[in-house]
Amino acid sequence: MINALSMPCAVVTAVGVGALIAALRRDGYRVIGPTLRDQAIVVDTIRTLDDLPRGWTDHQEVAGYRLQRRDDAALFGYALGPQGWKRLLHPPVQPLWQMADAAGEPAASPPETERLAFLGVRACELRAIAIQDRVFLGGAARDPHYAARRAGLFVIAVNCGTAGGNCFCVSMASGPRVESGFDLVLTELLDEATPRYLVECGSDNGAKFLATLPKRAAEETDLAAARAISEATRASMRRAMPAGDHAALLRANPTHPRWDEVARRCLTCGNCTAVCPTCFCTAISDQSDITGRNMARERRWDSCFTSEFSFIHGGSVRSSGRSRYRQWLTHKLSTWVDQFGSSGCVGCGRCITWCPVGIDLTEEVRAIAANPTAEESRDDNA
Amino acid sequence: MVGIAEPAAAAAAEDPMLPRRGRVRARKRELDGVVTLEIVPEAEFSAASAGQFNMLGLPGIGEIPISLSSDPAQGDGLVHTVRAVGPVSAALSRLTPGDTVWLRGPFGVGWPLAELAGRDVVVVSGGLGLAPLRPVLHRLLAERTRYGQIVLLHGARSPTEILYRREIAAWRRRLDIDIAITLDHAGADWRGHVGVVTHLIPQAAFDPHHATALVCGPEVMMRFAIAALGAAGLAASAIFLSLERNMQCAIGLCGHCQFGPFFVCRDGPVFRYDKVAPWLSVKEI
C-alpha cells in the first residue's frame, strides 16, 4: 500500500481538473469519467471539463434514482451512477477468438492496447476493482483481456463528499475515504465561492501528471477541510450492513425461511448482478455466419438469476427463484470469502437502488441474523 | 497504475481459452446416442489423470466438458464417451475418424489413485457415470496386485443401456474383480439384479475399514449410494464422488459450476465426500 501523504500533494481549481484531462489525453489515454446521459450520471469518454456533471447530484433511495440540481458548481457532487467501471475492465461482451476458415486455426482476440484513465473512482469502486483483480488475475488461470486493460490503467480517485441514500461502505470498511490503489486522488472542497480540489498522489505516474498542472501548494487548512469532508460523509451514511460474520451466518443458514420470504418479492431479473461492481460471471457462446466458415467464440456477462445459468442435462440445478437469490447473496457475502479471501460486497448499494422491487441485502442479512437458527423451510430436504 | 498486471503479450501467449486441434482416430458406438471417441491432439497436450476432463469443442457450435474415459497411460489418444443430449454433444457424436475436434485441458482434480494402494476399492456407478471411472478400473486391473478387493457395482436403466458391456464381460472372466450389475427395468431373460444400485452395497465383499469408494452417477443416486456406503461402515473421508455442474470456461472464471464455496471445474469434479457433505445435503445449492 502506498501512503498518499508521503507523496506530493497540491490544490487545483476546476481549470486544473480540465488540464489533467487534457494532459492525459495528450499522453494517449482515453479518459473515462462521469457524464450526464439518459437521466443518469454514467461513466463514458470525457474530452473536456464540460463533459462532467457540473452542478448535478443523484438522489437515491430503495428502488429509486433521480438526478437533482445542486446549488453549487461541484463536479463530483453525486454518489454513484448505475454502472461503475466494471464494464470497461470486464466488458459485457468479450470476443475470445475468431476462425476465418473451418480448416484454419482459431486466432485469439488481441488484448486491448488502449490505455484508460478513470476519473472519479470512489473508494468502494477501487475496492471492487481490487476484488476483480483477485478474480481475474489472482488465481492459476489469468484472464489476458482483463490483464491487458488493467495493466495500462491510470486511476484518479475521488473522496466522496456526499453519502448516497443506499451507501453502506462504512460498514463494509471500504470507504468513504480512498486509501490505496490510485494514481491521484481528488477531494472536492466546496467551502469557498469556487470549488477547489486537493490532489494527492498515489504513484510516481500520478506525481508526473500533477507536476504539469496549474496549482498551488496544499496548506494544512486544505488537508483539514478534506479530512472533514470524509468525516462528514462517514457520519451522514444512514444505511449499514449489520455487524457480524456474514460468511459464517449464511454458511449456516441455507435453509432459513427468510429465503422463501425474499423469493416472494424477487423477480429474478438480474439487475443486481448487472450493476454490482464485483459480479463477474459470464456465459460463453459461439457464433457463425451464414456460410458456416467464419466462426467466433465470445463471453458475455451472465447472471446467476437465470434458470439457464445452472442448467445441466436433466434440468437446472437452481430451478427456484429462492435458490437463485440464495446463491447470489451467499456467494457475495460468504463463499466469496472462501474463494477470494474477502467479501464480494463493497457497500456501494447499487443493488438496492436498481432492484425494481426494492430488495435491500442489508435487510435480508439483518433478518437472518435476527433469527439465525430458524426452523428449516419445508422443502429443503434433498 | 499500481502493481498487478504483466505485459499483454506474455498474457496472450498463454490464453487459457484458446483451443488446440485434435483429430478423431476412432469412433465406437456404445449405446443408442452414446459414442466413444479416441482423439489424437496434433501438438503436445498435457497428460490427464483419471477423473479429469477436457473441453471438447466444435467452432460455431460450442464446447462442453467431457471426462476422460480411458487410462491415460495406455496409448497417446484421449478417449471420451459422449451422450448426445444437446447441440454440442450431438455434433460430437456425429464425428467420424479423420474429423477435427478442438481441445482444451486437462482440467480439474481426478480420482485419488495414489491413495488406493493396499486398499479395497469399491466403484459405484450409474449410467454414464461409469465413463469417468473406467480409467480407474483400467489402472487397478493393470496393477492388480497393488490393491485388495476390487468391486464394481453398476446400475443401468435396461439391458441395452449397459455401458462398456463387452469390456465388463471381459473383466468378469478375470475372476479378480467382483462385478454386480443392476437394472431399473429388465425382461424375463435378465438373470441379474433389478433395482437401484445402492441395494448392491450391503452384499458386496469388501472390508469397510480398509476400503475406498469411488462414486459417479446421477446426483440423487450418489446421495443414496453414499448413505449406503456409510451404513456399510465406510468413513466419509473414504468416499469420493464426481460432481456434474454447468461448466463453460473450465478455469474457474465463468462462475457457472459453483457448488457452495467450490468451483467444480477447478476444485473438482472429484471431491472427497466429507469436504462437500454440508452442501450435498441442501437442495438446489
Side-chain angles (χ1 to χ4, degrees), chain A residues 2 96-97 99 102 105-106 108 110-111 113 133 135-137 139-144 147-148 150-151 153-155 180-181 183 202-203 254-255 280-288 292 295 297 299 302 304 309-314 317-320 323 327 331 335 338-339 379-382, chain B residues 1-21 57-63 83 85-86 88-89 100 102 128 218-220 223 244-263 266-267 278-285:
Chain A
I2 291 173
L96 297 173
W97 51 256
M99 196 186 272
E105 294 286 323
T113 53
D133 285 348
V135 172
F136 290 113
L137 307 175
R142 292 162 53 88
D143 173 23
R150 189 69 178 81
L153 184 65
F154 188 92
V155 172
S180 63
D183 295 288
S203 74
T255 61
F280 60 84
C281 291
T282 51
I284 294 168
S285 63
D286 282 27
Q287 323 288 328
S288 67
M295 290 158 291
R297 188 164 291 163
R299 69 171 190 220
D302 201 0
C304 53
F309 187 87
S310 62
F311 184 84
I312 53 176
H313 175 54
V317 172
R318 297 182 205 106
S319 55
S320 70
S323 67
Q327 168 61 23
H331 184 216
T335 51
D338 301 311
Q339 294 166 353
D379 55 19
D380 263 311
N381 294 314
Chain B
M1 164 100 210
V2 189
I4 314 285
E6 286 174 4
E14 51 191 66
D15 188 335
M17 296 305 291
L18 207 58
R20 283 182 276 173
R21 186 194 297 272
L58 294 168
I61 303 173
E63 195 185 46
R83 186 192 286 276
V85 292
V88 183
S89 56
T100 296
W102 293 87
L128 241 60
E219 203 161 304
V220 62
R223 286 202 201 96
E244 182 186 5
R245 282 295 180 272
N246 185 308
M247 291 182 195
Q248 302 193 12
C249 74
I251 53 176
L253 294 183
C254 80
H256 285 259
C257 68
Q258 287 180 79
F259 174 75
F262 304 108
F263 291 98
R266 188 190 70 191
D267 305 321
W279 294 278
L280 205 61
S281 63
V282 181
K283 200 172 163 185
E284 295 190 86
I285 200 74

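Chain letters run A, B, ... following the sequence lines, proteins first and then strands; every chain starts at 1.
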Under the side chain to side chain contact (heavy atoms under 4.5 Å, CB included) test, residues paired with B:Glu244 that sit two or more places apart: A:Ile312
Region of B:Ile251 in contact with chain A, defined by heavy-atom distances below 4.5 Å: both
Is it true that a side-chain atom of A:Asp286 and a backbone atom of B:Gly60 form a donor plus acceptor pair closer than 3.5 Å? yes
Let me know if A:Arg318 has heavy atoms under 4.5 Å from chain B in its side chain, its backbone, both or neither. both
Looking at every heavy atom in both B:Ile285 and A:Val317, which two are closest together, and how far apart are they? O-CG1, 3.5 Å
Mind ranking A:Cys304, A:Gly314, A:Gly139, A:Ala141 by heavy-atom pairs under 4.5 Å with chain B and telling me who comes out on top? A:Ala141
Is chain B contacted by the side chain of A:Thr113, its backbone, both, or neither, given a heavy-atom distance below 4.5 Å? neither
Applying side chain to side chain contact (heavy atoms under 4.5 Å, CB included), can you list everything that pairs with B:Arg266, at least two apart in sequence or on another chain? B:Phe263
Indicate yes or no: at least one non-hydrogen side-chain atom of A:Phe136 is less than 4.5 angstrom from one of B:Leu253. yes
Evaluate the side-chain proximity of B:Gln258 to A:Cys281: yes if any heavy-atom separation is below 4.5 Å, no if none is. yes
Which bit of B:Arg21 is near chain A, if near means a heavy-atom gap under 4.5 Å: side chain, backbone, both or neither? side chain
Nearest atoms (heavy-atom pairs only) where B:Pro59 meets A:Trp97: CB-CH2, 3.9 Å
How long is the straight-line distance from CE of A:Met99 back to CH2 of B:Trp102, given to the nearest 0.5 Å? 4.0 Å
Can you say whether B:Pro19 sits under 4.5 Å from chain A via the side chain, the backbone, both, or neither, judging by heavy atoms? both
Can you say whether A:Ala283 sits under 4.5 Å from chain B via the side chain, the backbone, both, or neither, judging by heavy atoms? both
For the atom pair CG (A:Asp302) and NE2 (B:His256), what is the distance rounded to the nearest 0.5 Å? 4.0 Å
Do A:Ser310 and B:Asn246 have side chains that approach each other closer than 4.5 Å (heavy atoms only, starting at C-beta)? no
Straight-line distance of B:Asp267 CG to A:Gln339 CD, nearest 0.5 Å: 8.0 Å
Of all heavy-atom pairs between B:Glu284 and A:Ser320, which one has the smallest distance, and what is that distance? OE1-N, 2.7 Å
Nearest-0.5 Å distance that lies between atom CE in B:Met17 and atom CZ in A:Arg299: 8.0 Å
Which one of B:Cys254, B:Gly86, B:Gly255 has the most heavy-atom pairs closer than 4.5 Å to chain A? B:Cys254
Proximal component of A:Gln327, with respect to chain B [non-hydrogen, under 4.5 Å]: side chain
